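See below for the structure under consideration.
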Amino acid sequence: MSGQPQTGGGPRPVLALSGGIGGSKLALGLARVLSPGALTVVANTGDDFEHLGLHISPDIDTVTYTLAGVQNPETGWGRADETWSFMTALHELGAETWFQLGDRDLAVHVERTRRLRAGVPLSEITADIGRSFGIASRILPMTDRRVRTRVITQDGPLDFQRYFVEQRCAPAVTGFVFDGAPEAKPHPDILAMLCNPELRAVVICPSNPYISVDPILALPGLWDALAACNAPVIAVSPIIGHEAVKGPTAKMMAELGYTVDVLTVAQHYRGLLDGLVIDTVDAAMAGRLHVPVVVCPTLMRSLSDREELATAVLGFADRLGRCARRTG
Ligand code: FO1
């Protein structure tokens, strides 16, 4: 356990920003090495969408299933031990089946939609679902307001899931719009945690910076609250060498005109970071980065990989301590 000497108020809290599959792997590692309840995972909700009359929150569900140990290990999204009767019956009706909803997964969407329609905030529903899975960590939507990522491609704007799933990330991207973000607010508990002098670390998980982290950072006041918070802000690079571990991060980075490397990741978060964790493959790049760097294996294949990376991140944060200044 990467515990800390307990302060008066119990284990010092850790805040992680996560979206998608890569981020949830490190979130699991953090949950397993920290004391129960010490971790709060802020989940991106820009991927949310209404489909078949259901409100679907993919990144909330990915981190929930992962922390509960019930996620589909092959895909990273959806449930393990799934059955597909619902999809089969939908297909027979000639309904849309491009977005695969397993029978167990469907229960979460149906219950979430029912409660949202009853006026219950997404964060309350998310907490109740986490409790039903016996998850000690807190999973917190980035906001209870409606924010939707739209992907601007050379063929025009696309709703996120149409780009990501239906078009399989094929169209070249030229930018992103986070509809609703300017009118939204970060969940107040995120801002409260960032002001908490006991906060041990903020971890930006190795998620896609553009579609998983930027929607969170786009919420009014959040970037400034992060830049001002006392706790060290540590990012783990989602790029190893010139590739992303999974998903369209590298493709997007290149299509946006950036070189695909850890320098681009550091530049993306410039002004926020107290430290960046990069893989041993990128050790030679350490001297070219404007922030303190820890070099360690960041590819998470096994559960112990997740725990070891989480331990390295927390140790890095503890060494940085309450930082006086962020490198500009
Ligand atoms: N991704 C796919 O590539 N194909 C799917 O059919 C699919 C279904 C799905 C259902 C529930 C869910 O929570 C996630 C699902 N995803 C699917 C993944 C999802 O599009 C992505 O995980 C996020 O939106 C981006 O990280």
Side-chain angles (χ1 to χ4, degrees), residues 16-28 41-68 70-88 90-91 95-113 116 122 125-126 129-130 133 135 139 141-142 146-151 158-171 173 176 178-179 204-216 238 244-252 300:
L17 308 186
S18 177
I21 292 132
S24 63
K25 288 182 180 175
L26 181 57
L28 178 60
V41 184
V42 175
N44 165 44
T45 57
D47 296 1
D48 290 15
F49 74 133
E50 282 69 36
H51 182 59
L52 303 172
L54 298 167
H55 177 108
I56 295 173
S57 298
D59 283 356
I60 292 178
D61 293 346
T62 294
V63 72
T64 298
Y65 294 155
T66 301
L67 293 189
V70 299
Q71 87 287 356
N72 178 322
E74 279 78 47
T75 56
W77 52 263
R79 296 277 300 261
D81 309 323
E82 252 313 356
T83 52
W84 301 93
S85 304
F86 171 67
M87 292 308 292
T88 304
L90 265 188
H91 179 69
E96 287 190 278
T97 56
W98 59 273
F99 195 81
Q100 295 287 300
L101 294 169
D103 299 330
R104 286 191 166 84
D105 189 33
L106 179 61
V108 168
H109 309 309
V110 168
E111 178 61 1
R112 173 183 287 128
T113 303
L116 283 170
L122 182 59
I125 300 165
T126 303
I129 292 173
F133 280 106
I135 296 169
I139 299 168
M142 67 187 196
R146 188 184 192 284
V147 175
R148 296 287 181 271
T149 298
R150 285 173 63 73
V151 183
L158 285 173
D159 287 346
F160 182 81
Q161 297 298 340
R162 294 281 178 180
Y163 163 81
F164 194 87
V165 178
E166 196 177 43
Q167 308 277 335
R168 311 183 67 77
C169 305
V173 305
F176 305 93
F178 307 125
D179 273 348
I204 300 179
C205 292
S207 302
N208 184 316
Y210 309 111
I211 57 175
S212 296
V213 184
D214 280 355
I216 302 174
V245 175
K246 185 176 176 64
T249 303
K251 177 178 182 286
M252 289 177 168
M300 294 175 277

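Read the numbers this way: they start at 1 and go in the same order the structure lists the ligands and their atoms. Note that this is a predicted model, so its numbers are computed, not measured.
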Nearest heavy-atom contact between Asp47 and Ile211 is OD1-O, 3.8 Å
task = Flag the pair Asp105 and Arg79 as a salt bridge only when some basic side-chain nitrogen lies within less than 4.0 angstrom of an acidic carboxylate oxygen.
result = no
Practice problem: May I ask you to check whether His91 and Trp84 place their ring centres under 6.0 Å from each other? | Solution: no
Requested in this report: Would you mind checking if Arg112 and Asp61 are paired as a salt bridge, meaning a charged N to carboxylate O distance below 4.0 Å?
Outcome: yes
*Is the shortest distance from a Lys or Arg side-chain nitrogen in Arg148 or Asp159 to a carboxylate oxygen in the other one below 4.0 Å?*
no
Worksheet entry | Output field: ring centroids Phe176/Phe160 closer than 6.0 Å | no
Between ligand 1 and the protein, give all atom pairs where both partners are nitrogen or oxygen and the distance is under 3.5 Å, as lines of names plus distance to 0.1 Å.
from, atom 1, to, atom 2, distance (Å)
ligand 1, 1 (N), Trp77, NE1, 3.4
ligand 1, 6 (O), Gln100, N, 2.8
ligand 1, 20 (O), Gln161, OE1, 2.7
ligand 1, 24 (O), Asp47, OD2, 3.0
ligand 1, 24 (O), Gln161, NE2, 2.7
ligand 1, 26 (O), Asp59, OD1, 3.3

